[in-house]
Each structure stands twice: as C-alpha cells, then as structure tokens.
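Here's the structure, in structure tokens; my notes come after.
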Number of protein chains: 2
Amino acid sequence: MDEMTYEGVAPEELPLFRGLPVSRRTDLMRHAMVHSVSSGTVLFEQGEVPNFQLIVLAGSAQLFGRSAGGREVLIEAVRAPDLVIPAAVLTGAPYLMQARVPEPSRFLLIHAAAFRAAVEEEPLLAHAAIGSLAAQFRRMVRQIKNLKLRNSTERVGCYLLALSKRQGTPDRAVLPFEKTLIASELGITRESFSRALSSLGKSGIRVDGQTIEILDAARVAAACAPDPLIDGTDGEGFAV
Amino acid sequence: MDEMTYEGVAPEELPLFRGLPVSRRTDLMRHAMVHSVSSGTVLFEQGEVPNFQLIVLAGSAQLFGRSAGGREVLIEAVRAPDLVIPAAVLTGAPYLMQARVPEPSRFLLIHAAAFRAAVEEEPLLAHAAIGSLAAQFRRMVRQIKNLKLRNSTERVGCYLLALSKRQGTPDRAVLPFEKTLIASELGITRESFSRALSSLGKSGIRVDGQTIEILDAARVAAACAPDPLIDGTDGEGFAV
DNA sequence: GGCATGCCTTGATTTGAATCAATGCCAGAT
DNA sequence: ATCTGGCATTGATTCAAATCAAGGCATGCC
C-alpha cells in the first residue's frame with residue numbers, strides 16, 4: 001500500500017475507550033477532535049499549560065527539552081497508541097518539553113478539563129492513565145540510569161542491541177531517526193555517536209547508512225554490558 | 001523535642017485516605033502494616049517484584065540505581081508523605097531501583113494486590129496515585145534535562161539555588177545529605193562536586209561543611225542559568 | 001591521649017567527550 | 001548533469017571531568 005500516511009487506530013477503537021460506557025465515550029468525543037498533522041508540526045511548546053490531552057492515533061511525537069541557550073535534546077519519542085505526557089495534562093502543570101511531529105501523524109485531542117473530569121470519574125480511564133504514566137515514568141528512570149551509569153560507547157552499543165531486539169532482527173538494527181537525534185537522545189554529540197559506532201566495529205558491528213549490522217551480538221554485549229533493568233521494555237501491560 | 005525520630009503523619013490521617021469510604025479504608029488497613037525502620041535499612045532491591053506499596057509516613061527513602069559493575073548512584077529521594085515508586089507496584093513490574101533508608105523512618109506497607117485492587121475501584125485513590133505518578137514522572141524529566149543540557153558546575157549552582165529556595169533561606173542552603181551522595185545525584189564524582197563548589201566561590205558562594213552561604217544569588221544565577229522548567233518544583237498539587 | 005575510620009578537599013595527571021574544521025555523500029531542485 | 005543544502009564522517013585539538021594520589025579534619029573508639 002502506498003499512502004500509508006495514516007495507519008493506526010480509529011478513535012473509537014482505542015483500547016483506552018474499550019469497555020467504557022457508551023455515554024461516557026460519546027461525552028468525551030464531544031470534547032474531542034482528530035487532527036492530522038504533517039511532519040515538522042510543533043504540537044506544543046515547553047512552558048505552555050496544556051489545553052488538550054493528545055493521544056497518538058497514528059505516527060508519533062518527539063519530545064524535546066530545550067535549554068535557555070537554545071540547545072535542544074530529544075528526551076523521548078511517543079508512538080501510537082499512547083498518551084502524550086498525561087503527567088502535564090492531569091496535573092495542569094506547564095509542559096516541561098516541546099512536542100514535534102517527525103512524520104505525518106494523527107492525534108485525538110481531548111479538552112484537558114473534560115479529560116481530567118473523565119479520568120476522575122471513570123475507573124477504566126483512570127486505569128489507562130495510570131498505565132501510561134507508570135510506563136513513561138519507568139522509561140525516564142531507565143534513561144537516567146543509562147546516562148549516569150554508562151559511558152557513551154556503552155550507551156550506543158546497548159541502544160543498538162535493544163533496537164535489534166525490538167525490531168525482531170538479532171543480526172541488525174535500523175535506526176528509527178537521524179543519527180544526530182539519536183545522539184542527543186543518548187546524551188552525546190553526533191560526532192561522538194559516529195565515533196562510538198566505528199569503535200564498536202571491533203566488536204562486530206558494521207554501519208551502512210541507517211542500517212547497523214550486528215555480526216556478533218555476544219561480543220557487543222560483552223563490551224557494553226546490557227542490563228534488562230536499563231535497556232528492557234515493560235511489554236504491553238497497559239495498552240491505551 | 002528530642003527523639004523526633006518519628007514525626008510524620010499517622011496512617012489514618014494520610015491525605016491519601018481522606019474522603020475515602022470508611023469501609024474501604026478499614027479494608028485497606030487490614031492488608032497493611034506500619035513498619036518503623038532504622039537508618040541504613042534496605043527496603044527492596046532492584047529487580048525484585050513489588051510485594052507492597054510502601055508509603056512514607058515519616059522520614060524518607062532514597063532510590064539508587066546500580067550498574068552491573070556495582071557502581072551505585074542516587075536517583076531520587078522520596079520524602080513523607082509520598083508513595084514509593086507506585087509505577088512498579090501498580091504495573092507489577094520489577095523495581096528498577098533499590099530503596100534504602102537514610103534516617104529512622106516509618107512506612108505504611110499495603111499488600112500490592114490489595115492496593116492495586118483498591119486503586120482500580122476507588123476514584124479517590126486513583127486520583128492520588130495519578131498525582132504521585134505524575135509528580136514523579138516530572139521530576140525524572142527535569143533530571144534528564146539537567147543531565148543533558150548542563151555542565152557540572154551549572155548543575156551544582158542550580159542545585160544550590162533550588163535548595164535555598166526550598167528551604168526558605170535565600171542566603172544559604174544546607175545540604176540534605178553527604179556530598180558524595182549529592183554528587184551522584186547530579187551525575188558527577190565527589191571530587192568534581194567539590195571543585196564545582198570551589199569554582200562557584202568566585203560567583204559569591206562560601207562553603208562551610210554542610211552549609212553553603214550564598215552571598216550573591218544573582219551572580220550565581222548568571223553563572224548557572226537556572227530554569228524553572230528544570231529546577232522548579234510543582235508545588236503540592238496532589239498530596240498523598 | 002592516640003589512633004583508627006569515614007568523609008572531604010586539593011593537586012597532578014589522564015582520558016573521554018566536545019569542539020573546531022574539513023570533507024564526503026547523498027537526495028532533491030534547477 | 002550540475003548545483004545545493006542537510007546530514008554524516010573523520011581528523012586535529014581543546015577542554016571538562018574522571019581518575020589517581022595525598023593529605024586534612026573531624027568523630028568515635030580503645
């Protein structure tokens with residue numbers, strides 16, 4: 001299929017809404033709309049107070065942290081289906097990150113007040129919000145451990161191993177976005193990322209554009225000490 | 001008062017339980033117990049599956065991340081009254097951090113399954129859990145921004161400014177624990193922390209043991225570029 | 001007292017990563 | 001086909017922070 005721009009779920013099919021009383025769902029949908037946005041769109045800026053709970057129906061959003069000096073780093077990518085920073089929306093606190101869209105994507109926007117009210121009253125929604133919040137919290141903890149306990153080469157190596165595992169291809173990994181972005185996600189410069197990749201060459205890694213061949217995963221693991229409590233994912237305990 | 005070892009709230013007075021149907025509260029308390037623990041106690045290890053939701057009634061808990069190599073860093077301190085990593089308990093996923101107690105403290109322990117069930121069914125509890133999760137998520141995001149966007153001296157300077165503000169003493173800050181620990185929280189070595197403090201001397205800071213005099217907060221701020229979206233706290237939106 | 005022990009500071013040195021700079025390599029536009 | 005702009009690599013160099021090493025200053029203990 002070409003024009004696969006808009007894959008993903010229809011709003012009514014969201015696991016988030018599964019099992020919800022029909023009245024509740026229609027009520028929520030009255031305070032909601034679907035937005036299709038093109039690559040590059042800024043969804044919100046850091047410092048803004050949330051107006052909507054955004055839900056990724058298709059595509060993804062990238063969350064950036066920016067310093068006063070204008071330097072910008074990728075903190076997280078949110079993929080469909082998930083909530084975009086429920087922590088800010090549910091507390092009504094200003095966003096700590098900017099959200100941008102790296103590919104054509106579709107979002108469900110629910111007015112913040114309506115979403116908060118619905119979560120307060122509806123245990124199933126609360127459950128979904130808790131699942132999303134918990135998963136996001138744990139991703140942040142993993143990232144902090146990664147930053148504090150590993151050097152840059154280890155971070156890169158473990159990133160590749162985790163990626164290949166997630167993609168189901170033990171002998172290679174395809175980078176999901178530009179190397180510069182990945183570098184900032186890993187807390188290093190693009191140059192250091194490039195050097196880390198080439199220094200992993202002696203552990204059995206070959207770089208070909210966005211594709212990284214992993215010739216000897218065991219050797220990479222020996223060099224980088226992957227750890228399920230840092231690199232793992234929690235699986236789909238709570239779908240949204 | 002001497003013997004102020006056990007300050008803090010009584011379990012029945014927890015905001016968490018405020019407004020809860022009495023039946024629910026007694027039901028929860030049947031699955032709960034209060035534990036008073038001495039300094040140094042390990043509450044749980046990273047990798048363990050949670051048995052209890054721990055709630056800090058008095059004192060605090062420190063959360064550490066450990067690498068395979070045995071290196072250990074402070075990730076967060078949880079102070080009364082708050083939940084200790086609801087993210088792990090509510091998802092049933094293994095702890096990503098070890099919890100230790102740095103001072104005599106008192107905890108309420110609620111059996112994990114009972115706590116999960118209660119949160120599922122009781123909107124008020126769900127609300128409290130969401131508030132705690134959201135606040136903790138945001139603290140992690142701030143920490144990541146701090147690590148990725150600042151150098152070590154900036155981190156130390158902003159830490160001191162935030163501390164003095166939190167303590168209500170604009171002209172000084174009292175370090176809440178050993179410098180080695182704070183250093184690991186800030187992602188640097190104790191030596192670098194010490195050097196950062198002395199290099200902040202030329203911005204108007206004097207070190208006297210655990211007390212740091214801030215002679216000229218404006219100059220420190222100029223050197224370290226504090227940012228409410230990194231150093232701020234969200235206030236007590238959701239008390240637990 | 002004297003002497004461990006733990007925590008911190010300071011200095012010397014090394015090292016990992018950032019920065020600076022140049023070049024290469026596309027994909028898309030003309 | 002040639003130009004162009006964005007991204008990536010590579011090398012040279014600088015710089016920040018870690019590491020290594022020594023000493024200081026408490027506190028508690030015998």
Side-chain angles (χ1 to χ4, degrees), chain A residues 39-40 62 67 69-74 100 102-103 146-160 173-202 205-213 223-225, chain B residues 39-40 62 67 69-74 100 102-103 146-160 173-202 205-213 223-225:
Chain A
S39 183
Q62 291 175 339
S67 70
R71 218 156 63 81
E72 196 176 70
V73 295
L74 178 62
R100 289 207 304 268
E103 57 184 323
N146 202 26
L147 291 168
K148 285 190 182 175
L149 293 168
R150 286 180 174 153
N151 65 29
S152 66
T153 308
E154 289 167 345
R155 295 207 287 276
V156 171
C158 290
Y159 179 85
L160 296 177
V174 179
L175 302 180
F177 16 82
E178 304 96 47
K179 290 173 183 168
T180 303
L181 257 192
I182 296 173
S184 84
E185 188 178 10
L186 296 176
I188 56 181
T189 61
R190 61 186 183 286
E191 294 97 328
S192 291
F193 183 70
S194 189
R195 281 186 247 275
L197 281 179
S198 70
S199 97
L200 285 170
K202 59 176 155 36
I205 269 184
R206 296 287 167 269
V207 180
D208 176 22
Q210 295 292 102
T211 301
I212 317 291
E213 306 279 345
C224 301
Chain B
S39 182
Q62 291 176 339
S67 72
R71 217 157 62 83
E72 195 176 70
V73 295
L74 178 61
R100 287 208 304 269
E103 57 185 324
N146 201 26
L147 290 168
K148 285 189 181 175
L149 293 167
R150 287 183 174 151
N151 65 29
S152 66
T153 309
E154 291 166 345
R155 295 207 288 278
V156 171
C158 290
Y159 179 84
L160 296 177
V174 179
L175 303 179
F177 16 82
E178 304 96 55
K179 291 173 182 168
T180 303
L181 257 192
I182 296 172
S184 83
E185 187 177 12
L186 296 176
I188 57 182
T189 61
R190 62 184 183 286
E191 294 97 328
S192 292
F193 183 70
S194 189
R195 280 187 248 275
L197 281 180
S198 69
S199 98
L200 285 170
K202 58 176 155 38
I205 269 184
R206 296 288 168 267
V207 180
D208 175 23
Q210 295 291 103
T211 302
I212 317 291
E213 307 279 345
C224 301

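These numbers come from a predicted model, not from an experiment. Lettering of chains follows the sequences in order, A, B, ..., and the numbering in each one begins at 1. Scope of the values below: all heavy atoms of this structure, side chains included, with no hydrogens, waters or symmetry mates.
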(Q) From CG of L147(A) over to P of dA17(D), roughly how many Å is that when rounded to an integer? (A) 15 Å
(Q) Distance check needed: dA8(D) P versus E178(A) CD, whole Å only. (A) 6 Å
(Q) Taking the side chain as everything from C-beta on, heavy atoms only, tell me whether L74(A) gets closer than 4.5 Å to L186(A). (A) no
Q | Q210(B) CD to dT27(D) P, straight-line distance once rounded to whole Å | A | 12 Å
**Q.** d(CD1, I205(B); P, dT9(C)) in whole Å
**A.** 13 Å
Q. Roughly how far apart are E185(B) CD and F177(B) CZ, rounded to 0.5 Å?
A. 5.0 Å
Q) Could you give the distance from CD (Q62(A)) to CZ (R100(A)), rounded to the nearest 0.5 Å? A) 7.0 Å
Q) In whole angstrom, what separates F177(B)'s CZ from dC7(C)'s P? A) 15 Å
Q | Heavy-atom check, side chain of V207(A) versus side chain of L200(A), under 4.5 Å | A | no
Q) With sequence neighbours left out, what residues match E213(A) under side-chain contact (heavy atoms from CB on, under 4.5 Å)? A) R172(A), R206(A), T211(A), L215(A)
Q: Figure out the CG/C1' separation between L175(B) and dC7(C), and round it to whole Å.
A: 13 Å
Q) What string of B, S and - do you get for nucleotides 14-27 of chain C 5' to 3' if you count protein non-hydrogen atoms under 4.0 Å? A) ---SSBB-------
Q) Is there side-chain contact between S67(B) and V73(B), with heavy atoms separated by less than 4.5 Å? A) no
